Amino acid sequence: MKCTHSFCLLILILGMAACDPPGNRKETPESQPEAFEYALVLHGGAGSMNFENFPEPSQQKYLHALDSALQLGLDLLKSGGESLDAVEVVIRCMEDNPLFNAGKGAVFNSEGRNELDASIMTGRDLNAGAVAGVNDIRNPISAARAVMEKSPHVLFSGHGASKFAEEAGLEMVDPSYFYTDDRYKSYLRAQEDEKHGTVGCVALDRYGNLCAGTSTGGITNKKYGRIGDSPIIGAGTYANNRTCGVSATGHGEFFIRWTVAHDISALMEYRGMDVEEAAKLVVEEKLIEAGGEGGVICLDRYGRAAMVTNTTGMFRAYGNAAGDRTVAIFK
Ligand code: ASP
């Protein structure tokens, strides 16, 4: 039989549609959910936390810290602020809080020093900035933003990052600023279960722009010079207005090798998954199979959140313009 061009094309299209695996759904105008005017999700790290072993007063302190950081971001978005500012403000607040493993209160490396990593990305233009292995910039997330906005580069490390941050007018501190007794004690004990506390935030503003950021001291007792996933775009942080924003926390080496943050976005973009399905597939299937512990917070372009971890707990909070609000620790 003679096959005309258009006839062959039709058969090909019908064939492709029939072979579409279940995840390959295309969004139609009718299936589009209503978007929240603005929304924000944040995390303060994931790990093995049990309700029984976590003293109640301590839980309350974390819940309060998460709630205040959330409120700060929501207020900014409500008054018309941009997602980039909201993410920076929320992460700075958590960096300044010694409860979290970011900024003051960061964990110690194997030499008893703090080395901090951070990154930020805007979903409108896929612009990004990051710093790694820094020890004298008070707020690494602001240094990441400066790299994004004031340099043609994406990632600065160590001494160069500090020099750049100082020239950009950021507040510099003596490395002893990051010290806290609690973190130093856990370094001395090198307790695996005390390494959680990385912070991250994803925001959607009234203009439809997503932004994601992450900041960390890394993993307790890590080898000097070790850089985790948090400053790696596509691993610990990713944002794309077409899909979602993601900030990760957990065993960084796995998040780098499995390009976790970008993988979630790619599953949404190429397989039409919603944000919850994509996050669950990566964190609860792929990462578990690989042996990588941790979790992610994500926000899609409609302001819907996914907060997924394969550990027993993740400090997290979510809020949106409609007044929905969640603040939680355990799974
Ligand atoms: N992902 C961070 C790192 O590997 C640590 C964490 O999130 O707990 O550096």
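Just so you know, ligand 1 is whichever comes first in the structure, and atom 1 is the first atom listed for that ligand. Since we're looking at a predicted model, the values are computed, not measured. Worth knowing before you read on, the calculation uses all heavy atoms, side chains too, and leaves out hydrogens, waters and symmetry mates.
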Mind checking whether G228 has an N or O less than 3.5 Å away from an N or O of ligand 1?
-> no

Contact atoms of ligand 1, heavy-atom distance to T198 under 4.0 Å | 2 (C), 5 (C), 6 (C), 7 (O), 8 (O)

Check whether the side chains of Y318 and N320 place a donor and an acceptor atom closer than 3.5 Å, and report yes or no.
-> yes

Would you mind running through ligand 1 and noting each atom that sits below 4.0 Å from a heavy atom of G250?
-> 1 (N), 2 (C), 3 (C), 4 (O), 5 (C), 6 (C), 7 (O), 8 (O)

Any nitrogen or oxygen of G197, main chain or side chain, under 3.5 Å from a nitrogen or oxygen of ligand 1?
-> no

May I ask you to list the atoms of ligand 1 that are less than 4.0 angstrom from any heavy atom of G218?
-> 5 (C), 9 (O)

Between D229 and ligand 1, does any nitrogen or oxygen pair lie at a separation below 3.5 Å?
-> yes

Centroid-to-centroid, Y184 to Y179, below 6.0 Å?
-> yes

Electrostatic pair D96:R138 at N-O distance under 4.0 angstrom = yes

What atoms of ligand 1 come within less than 4.0 Å of a heavy atom belonging to G252?
-> 4 (O)

Could you establish whether G236 and ligand 1 come within less than 4.0 Å of each other, counting only heavy atoms on the residue side?
-> no

For atom CD of E253, is the number of surrounding heavy atoms from other residues, nucleotides or ligands below 6.0 Å larger than 12?
-> yes

Decide whether S176 and D174 meet the rule of one side-chain donor and one side-chain acceptor closer than 3.5 Å.
-> yes

With only distance considered, is T249 within less than 3.5 Å of ligand 1 through an N or O on each side?
-> yes

Report yes or no: does R183 contribute a side-chain atom to a donor-acceptor pair with the main-chain N or O of A106 at less than 3.5 Å?
-> no

Can you find an N/O atom of R226 closer than 3.5 Å to an N/O atom of ligand 1?
-> yes

Do you see a donor-acceptor pair shorter than 3.5 Å between the side chains of N139 and E95?
-> yes

For ligand 1, find out whether one of its N or O atoms is nearer than 3.5 Å to an N or O atom of N101.
-> no

With the threshold set at 4.0 Å, does a side-chain nitrogen-carboxylate oxygen contact exist between R145 and D85?
-> yes

